[in-house]
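Reading through the structure tokens given below for one structure.
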Amino acid sequence: PAEDEARIDEIKALLEANNAVLVAHYYTDDAIQQLAEETGGCVADSLEMARFGARHEADTLVVAGVRFMGETAKILSPEKRVLMPTLEATCSLDLGCPADEFSAFCDAHPDRTVVVYANTSAAVKARADWVVTSSIAVDVIEHLQARGEKILWAPDKHLGGYIQKQTGADMLLWDGACIVHEEFKAQGVEDLKSLYPDAAVLVHPESPASVVELADVAGSTSQLITAAKELPNERLIVATDRGIFFKMQQAVPEKTLFEAPTAGNGATCKSCAHCPWMAMNALDNLAGALRQGTGEVFVDDALRLAALKPLERMLNFQA
Ligand code: 13P
Ligand code: SF4
């Protein structure tokens, strides 16, 4: 629509005037992903978003995603201004892991190395020895296990269970879940597979174990896009937020992508497979943030320094 065109032009001009760069997650709207691409920003998974923001020389990072992504950017680049289209965009994993309860859990298990998923608040990260994202989690836990360490993992029980299975590590799991991925149903994926037996199944490991078991490839959003390119299959069943289809379809224009069913009867449900918090990012509030400086992310200094340590461990980790 013409309105969107005008907004897009405005955002492009504002990005330039502010020496700002747009860092977007694969689950945000197509228009935002396209804008990031066209303006020299990045569209990526959470690990690549963190790396890109930390390395980029812009004065302002505009992070289109959810709150933890903006906080991570600010922790890694305190000298930059970090803006988000809305600070209301949270994550069920972050919400399900309050810092005080988590801290008590850590206190009760002092013999364990604390590894937290990036989808957490700065205060939870500040209690951790390591932060990981889904693209690096298995490698980091393998490394810790080889050193004989026992793990306390939070918050995603499905991702934690998956890592445990992959590595055989001794892991104590926090009871958290992603409301989007938890909805994918094994029966629905099996039904779709029986219609298209030649299809490969790609699954984000925040999904339940019964769904991950059906996967030809399980991995982070970037790893799933890479797999879509590398697999020979013409049809792909994808169990992650449908926002990923924009870049995945670009990467494999000749292939047919199916959204993994979120109901046991094989039907897809309109409100599922899309993160309600990622969906809060829009052209209007993105323009507003740049125009008025709203949605600026601040992280308390002491907290920032404490959270920086486990984040830097992740960024410096080589498998
Ligand atoms: P990725 O690191 O795989 O992009 O995951 C982030 C996320 O929030 C998945 O729900
Ligand atoms: Fe959090 Fe799930 Fe949304 Fe990702 S998709 S931001 S894990 S609620």
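Values reported hereafter were calculated over all heavy atoms of this structure, with side chains retained and with hydrogens, waters and symmetry mates removed. Counting starts at 1 for both ligands and their atoms, in listed order.
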| message | Within the structure, is a non-hydrogen atom of H204 found at a distance of less than 4.0 Å from ligand 1? | response | yes
| task | Select the closest option to atom 10 (O) of ligand 1 among M69, Q223, E48, E206, judged by heavy-atom distance. | result | E206
| Side chains of V23 and C42: closer than 4.5 Å at any heavy-atom pair? | yes
| request: Flag yes if I163 and V124 sit in one hydrophobic cluster, no otherwise; membership is Ile, Leu, Val, Met, Phe, Trp, Tyr, and two members link when side-chain heavy atoms are under 4.5 Å apart. | output: yes
| said: If we set the cut-off at 4.0 Å for heavy atoms, which region of D241 has an atom near ligand 1: side chain, backbone, both, or neither? | reply: neither
| Less than 4.5 Å apart, any side-chain heavy atom of L61 and any of L83? | no
| query | Do T256 and L236 come close enough that some side-chain heavy atom pair is under 4.5 Å? | reply | no
| What part of D156, side chain from CB on, backbone N/CA/C/O, both or neither, has a heavy atom under 4.0 Å from ligand 2? | neither
| said: Tell me if a side-chain donor or acceptor on W153 pairs with a main-chain N or O of Y117 at a distance below 3.5 Å. | reply: no
| task | Please report which non-hydrogen protein atom sits nearest to atom 2 (O) of ligand 1, along with the residue it belongs to and the distance in Å to one decimal place. | result | S46 OG, 2.4 Å
| field | Subset of ligand 2 atoms that lie under 4.0 Å from at least one heavy atom of S92 | value | 8 (S)
| request: Would you check if atom 3 (Fe) of ligand 2 lies under 2.8 Å from any N, O or S atom of C91? | output: no
| request: Please confirm whether L93 comes under 4.0 Å of ligand 2, counting heavy atoms of the residue only. | output: yes
| Can you tell me which residue and heavy atom of the protein come closest to atom 3 (Fe) of ligand 2, and the distance to 0.1 Å? | C275 SG, 2.4 Å
| field | E10 bridged to R7 by N-O distance under 4.0 Å | value | yes
| request: Within a distance under 4.0 Å of any heavy atom of D45, pick out the atoms of ligand 1 and give their elements. | output: 1 (P), 2 (O), 4 (O)
| field | Atoms of ligand 1, numbered as shown, that sit under 4.0 Å from any heavy atom of S220 | value | 3 (O)
| said: In this structure, does ligand 1 have an atom that sits under 4.0 Å from one of the heavy atoms of M49? | reply: no
| query | Y27: heavy atom below 4.0 Å from ligand 1, yes or no? | reply | yes
| Under 4.0 Å to a heavy atom of W277 - the qualifying atoms of ligand 2, by number | 8 (S)
| message | Tell me the protein heavy atom at minimum distance from atom 2 (Fe) of ligand 2, and give that distance in Å. | response | C178 SG, 2.3 Å
| said: Could you check, using the six-membered ring where one of them is a Trp, whether F246 and Y26 have ring centers closer than 6.0 angstrom? | reply: no
| Check ion pair D59-K80 (N to O, under 4.0 angstrom) | no
| Best match, N119, L159, V180: closest heavy atom to atom 4 (Fe) of ligand 2 | N119
| task | Give a yes/no on ligand 1: does M278 have at least one heavy atom closer than 4.0 angstrom to it? | result | no
| query | Would you call D170 and R112 a salt bridge, using N to O less than 4.0 angstrom? | reply | yes
| note | the protein heavy atom lying closest to atom 8 (O) of ligand 1 turns out to be N119 ND2, 3.2 Å
| Cationic N near anionic O, under 4.0 Å, D30 to R242 | no
| said: Do the side chains of E38 and K12 get close enough for a salt bridge, i.e. N-O under 4.0 angstrom? | reply: yes
| query | At a 4.0 Å cut-off, with the gap strictly under it, does some heavy atom of S134 reach an atom of ligand 1? | reply | yes
| Below 4.0 angstrom, N of the basic side chain to O of the carboxylate: do E213 and K165 qualify? | yes
| Counting from 1, what ligand 2 atoms have a heavy atom of E206 closer than 4.0 Å? | 2 (Fe), 7 (S)
| Cationic N near anionic O, under 4.0 Å, R67 to D94 | no
| field | Proximal atoms of ligand 1 relative to H25 (non-hydrogen, under 4.0 Å) | value | 1 (P), 4 (O), 6 (C)
| Any nitrogen or oxygen of T221, main chain or side chain, under 3.5 Å from a nitrogen or oxygen of ligand 1? | yes
